[in-house]
Amino acid sequence: SGNAGFVVGPNVTDSKTQVNNSTGDVDLNQLIPGYSTYDSTVLEFDFIPNNNVISFQYVFSSEEYNEWVNSSFNDVFGFFLDGVNIAKIPGSDVTVSINNVNNGNPYGYNVSNPQYFVNNDLSDGGGNIATEMDGMTVVLSVQASVTANQSHHIKMAIADAGDRILDSNVFIKAGSFIDAIADVDDDGVADGDDNCLHTPNPGQEDYDNDGVGYACDITPAPPQMEFV
């Protein structure tokens with residue numbers, strides 16, 4: 001949503017930005033009701049799959065982390081397959097954005113899906129990752145149904161939200177856009193169904209029923225019941 005060259009590390013500032021004075025995106029506005037987007041960037045194309053599923057991996061990163069988490073500056077992106085967003089938090093219908101994936105503000109408080117967040121903010125003990133961006137998601141996976149041998153359209157869009165400053169970026173893993181099911185942790189559960197994307201958990205145990213598998217859940221395990 002700014003200057004792609006600003007992605008390059010090391011991280012030396014909390015506020016790297018470029019204002020492009022370009023428009024937002026109508027589809028992205030619909031993902032975050034109440035916000036307006038600015039400085040959008042869009043890549044879209046048609047493709048014809050050989051099979052009935054597509055998948056790919058990506059990372060979302062931003063300079064809005066961590067100081068603007070849970071504020072009105074809620075940068076967002078979307079992958080719209082035939083008009084429907086398929087970039088969502090694993091096991092949910094929730095859009096991936098600054099306010100939906102983070103480790104809180106103040107840092108460590110009022111968190112949202114922190115199991116999918118990686119800190120790189122100098123003010124919060126980060127800075128070891130070779131990018132200027134202050135925070136990012138883990139590698140997330142998209143999986144969606146398509147119709148084999150028919151043309152489909154995908155639109156990949158990202159934008160600032162709330163204002164035009166502080167850049168955000170989305171990275172698509174090279175070679176990961178395929179017409180097949182992906183399973184990044186090799187546990188026999190497709191990424192699109194896996195409640196622990198990066199931790200093998202073939203049984204998909206989720207003892208507290210929060211949508212995050214027990215094998216990767218950072219919330220405390222429920223107490224064991226004792227029978228006397």
Side-chain angles (χ1 to χ4, degrees), residues 1-2 22-49 51-62 64-65 68-102 112-118 133 135-148 150-163 167-173 176-182 184 190-195 197-198 211-212:
S1 64
S22 57
T23 60
D25 183 85
V26 173
D27 291 327
L28 291 177
N29 288 343
Q30 294 177 355
L31 297 184
I32 46 174
Y35 294 87
S36 295
T37 57
Y38 308 91
D39 285 349
S40 64
T41 298
V42 175
L43 170 66
E44 53 188 327
F45 55 89
D46 296 321
F47 65 96
I48 300 176
N51 298 304
N52 61 1
V53 65
I54 62 166
S55 61
F56 57 92
Q57 285 78 54
Y58 69 93
V59 168
F60 170 66
S61 69
S62 181
E64 298 283 2
Y65 291 118
W68 298 108
V69 166
N70 297 327
S71 76
S72 59
F73 309 114
N74 187 27
D75 291 5
V76 66
F77 76 100
F79 300 138
F80 301 94
L81 175 64
D82 297 329
V84 178
N85 180 44
I86 56 175
K88 299 178 180 179
I89 294 170
S92 79
D93 200 38
V94 178
T95 299
V96 177
S97 68
I98 299 294
N99 286 348
N100 291 340
V101 180
N102 57 69
S112 296
N113 298 292
Q115 67 272 17
Y116 301 121
F117 177 71
V118 179
M133 299 299 103
M136 65 208 70
T137 67
V138 300
V139 178
L140 294 174
S141 187
V142 166
Q143 181 179 303
S145 298
V146 291
T147 302
Q150 291 190 13
S151 180
H152 294 270
H153 186 82
I154 192 163
K155 171 184 175 180
M156 303 176 176
I158 187 170
D160 292 328
D163 64 8
D167 294 355
S168 293
N169 314 272
V170 63
F171 305 90
I172 312 298
K173 182 179 179 181
S176 72
F177 193 102
I178 58 174
D179 57 350
I181 293 174
V184 297
D191 290 347
D193 303 316
D194 201 338
N195 62 14
L197 189 62
H198 298 279
V212 180

Given side chains that start at C-beta, do those of Asn100 and Ile98 come closer than 4.5 Å, heavy atoms only? no
Taking the side chain from Asn99 and the backbone from Asn70, do they hold a donor-acceptor pair closer than 3.5 Å? yes
Can you tell which of Thr37, Val96, Asp25, Thr95 makes a side-chain contact (heavy atoms from CB on, under 4.5 Å) with Leu31? Thr95
Heavy-atom pair of closest approach, residues Leu81 and Ala144: CD2-CB, 3.6 Å
Compare every heavy atom of Thr147 with every heavy atom of Pro49, then report the nearest pair and how far apart it is. CG-O, 3.6 Å
So does Asn102 get a backbone contact from the side chain of Ser112, meaning a donor-acceptor N/O pair under 3.5 Å? no
Using the side-chain hydrogen bond (donor to acceptor under 3.5 Å, both in side chains) criterion, which residues pair with Gln150? Sequence neighbours excluded. none
Can you name the residues that form a side-chain hydrogen bond (donor to acceptor under 3.5 Å, both in side chains) with Gln57, not counting sequence neighbours? Ser141
Which salt bridge (Lys or Arg N to Asp or Glu O under 4.0 Å) pairs, counting each pair once, include a residue from residues 28-40, with sequence neighbours left out? Asp39-Arg164
What are the two closest non-hydrogen atoms of Phe177 and Met156, and how far apart are they? CE1-CE, 4.1 Å
Name all residues meeting the side-chain hydrogen bond (donor to acceptor under 3.5 Å, both in side chains) criterion together with His152; count only those two or more places apart in sequence or in a different chain, and write none if there are none. Asp82
Side-chain (Ser151) to main-chain (Ile48) donor-acceptor, under 3.5 angstrom: no
Would you confirm whether Ser1, through its side chain, and Ile158, through its main-chain N or O, come within 3.5 Å as a donor-acceptor pair? no
Looking only at heavy atoms, the pair that brings Glu44 and His153 closest together is OE1-NE2, 2.8 Å
Between the side chain of Asn113 and the main-chain N/O of Tyr116, is any donor-acceptor distance below 3.5 Å? no
With sequence neighbours excluded, residues passing ring pair (Phe, Tyr, Trp, His ring centres under 6.0 Å) with Phe79: Phe56, Tyr58, Phe77
Exam field: side chain Asp191 to backbone Gln143, donor-acceptor pair closer than 3.5 Å: no
Using atom types as modelled and distance alone, determine if a side-chain donor or acceptor of Asp75 lies under 3.5 Å from a backbone N or O of Ala161. yes
Residues passing the side-chain contact (heavy atoms from CB on, under 4.5 Å) test with Asp93, sequence neighbours excluded, are Lys88
